[in-house]
Amino acid sequence: MKTIQQAVTDYVSENNTTKDALIEELGFGRSAFFMKMRGETELTISEAYRLSRKLGCTMDELYAMTKAV
């Protein structure tokens with residue numbers, strides 16, 4: 001199972017964008033986003049929903065990725 005960090009890196013690479021552009025699109029603060037990706041803080045339901053839609057995965061798959069950290 002890939003981690004959420006790997007999924008974000010894959011998304012950025014496949015969509016020819018940057019992590020900063022993704023963060024802005026999702027409406028996250030930069031440092032808050034990276035804290036969530038490292039598992040230091042949890043995603044809210046609405047954040048998880050927006051991120052899962054962007055990454056093209058289900059909420060269950062996203063949750064499993066956060067536990068792979």
Side-chain angles (χ1 to χ4, degrees):
M1 167 69 43
K2 79 170 65 171
T3 65
I4 195 164
Q5 294 95 332
Q6 291 167 326
V8 167
T9 299
D10 291 348
Y11 174 85
V12 166
S13 176
E14 292 166 5
N15 291 281
N16 197 29
T17 189
T18 64
K19 287 181 182 175
D20 286 331
L22 175 62
I23 292 167
E24 187 174 323
E25 285 179 42
L26 293 170
F28 290 8
R30 190 173 196 284
S31 34
F33 178 80
F34 287 108
M35 288 175 70
K36 292 171 191 295
M37 295 303 102
R38 289 189 302 268
E40 295 173 15
T41 58
E42 292 186 6
L43 292 161
T44 65
I45 296 293
S46 62
E47 290 169 342
Y49 177 76
R50 291 192 315 265
L51 183 57
S52 69
R53 300 265 309 181
K54 195 55 108 167
L55 297 179
C57 63
T58 67
M59 295 275 285
D60 287 338
E61 292 167 334
L62 184 68
Y63 177 76
M65 283 186 247
T66 65
K67 296 305 168 195
V69 172

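Values in this document were obtained by computation on a predicted structure and should not be read as measured data.
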Exercise. With sequence neighbours left out, write down each residue that passes side-chain contact (heavy atoms from CB on, under 4.5 Å) with Ser13, or none if nothing qualifies.
Key: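 For Ser13, no residue satisfies side-chain contact (heavy atoms from CB on, under 4.5 Å) once neighbours in sequence are set aside.
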Quiz item: Should the heavy atoms of other residues, nucleotides or ligands under 6.0 Å from CD of Glu24 be counted, would the total exceed 12?
Solution: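 Not more than 12 within 6.0 Å, no.
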Self-check item: Contacts of Asp20 that satisfy side chain to side chain donor-acceptor pair (under 3.5 Å) - sequence neighbours left out
Solution: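 For Asp20, the residues satisfying side chain to side chain donor-acceptor pair (under 3.5 Å) (neighbours in sequence not counted) are Arg30.
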Quiz item: Which residue pairs pass the ring-ring contact (aromatic ring centres under 6.0 Å, His included) test with at least one member in residues 14-33, sequence neighbours excluded?
Solution: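 For residues 14-33, and leaving out neighbouring residues, the ring-ring contact (aromatic ring centres under 6.0 Å, His included) pairs sorted by first residue read Phe28-Phe33.
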Self-check item: Pair Asp10-Lys2, side chain to side chain contact (heavy atoms under 4.5 Å, CB included): steps then yes or no
Solution: CA-CA 10 Å; Asp10 291 348; Lys2 79 170 65 171; 2.7 Å; yes
Quiz item: Other than Met35, which residues form its hydrophobic cluster under the rule that side-chain heavy atoms must be closer than 4.5 Å?
Solution: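 Under the 4.5 Å side-chain rule, Met35 groups with nothing.
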Quiz item: By salt bridge (Lys or Arg N to Asp or Glu O under 4.0 Å), which residues pair with Lys19, not counting sequence neighbours?
Solution: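 Per chain and number, Lys19 pairs via salt bridge (Lys or Arg N to Asp or Glu O under 4.0 Å) with no residue.
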Self-check item: With sequence neighbours excluded, residues passing ring-ring contact (aromatic ring centres under 6.0 Å, His included) with Tyr11
Solution: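 Counting only residues at least two positions away or on another chain, Tyr11 forms no ring-ring contact (aromatic ring centres under 6.0 Å, His included).
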Quiz item: According to the side chain to side chain donor-acceptor pair (under 3.5 Å) rule, which pairs have a member within residues 48-57, sequence neighbours left out?
Solution: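 Residue pairs with at least one partner in residues 48-57: Glu25-Lys54.
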List the atom pairs, donor and acceptor, that lie under 3.5 Å between side-chain atoms in residues 39-46 and the rest of the protein, sequence neighbours left out.
residue: Glu40; atom: OE1; partner: Arg38; partner atom: NH2; Å: 3.4
residue: Glu40; atom: OE2; partner: Arg38; partner atom: NE; Å: 2.7
residue: Thr44; atom: OG1; partner: Ser46; partner atom: OG; Å: 3.3
residue: Thr44; atom: OG1; partner: Glu47; partner atom: N; Å: 3.1
residue: Thr44; atom: OG1; partner: Glu47; partner atom: OE1; Å: 3.4

Quiz prompt | Met1 to Met65 - nearest heavy-atom pair and separation | solution =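 Heavy atoms only, the tightest pair is SD-CG, 3.9 Å.
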Quiz item: Same cluster for Met59 and Ile4 if Ile/Leu/Val/Met/Phe/Trp/Tyr side chains link at under 4.5 Å?
Solution: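 Unlinked, Met59 and Ile4 end up in two clusters.
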Exercise. Report the distance from atom CG of Asn15 to atom CG of Leu22, rounding to the nearest 0.5 Å.
Key: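 If we round to the nearest 0.5 Å, Asn15:CG and Leu22:CG are 9.0 Å apart.
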Quiz item: Rounded to the nearest 0.5 Å, how far does CG of Leu26 lie from CG of Leu55?
Solution: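 It is 8.0 Å, given to the nearest 0.5 Å.
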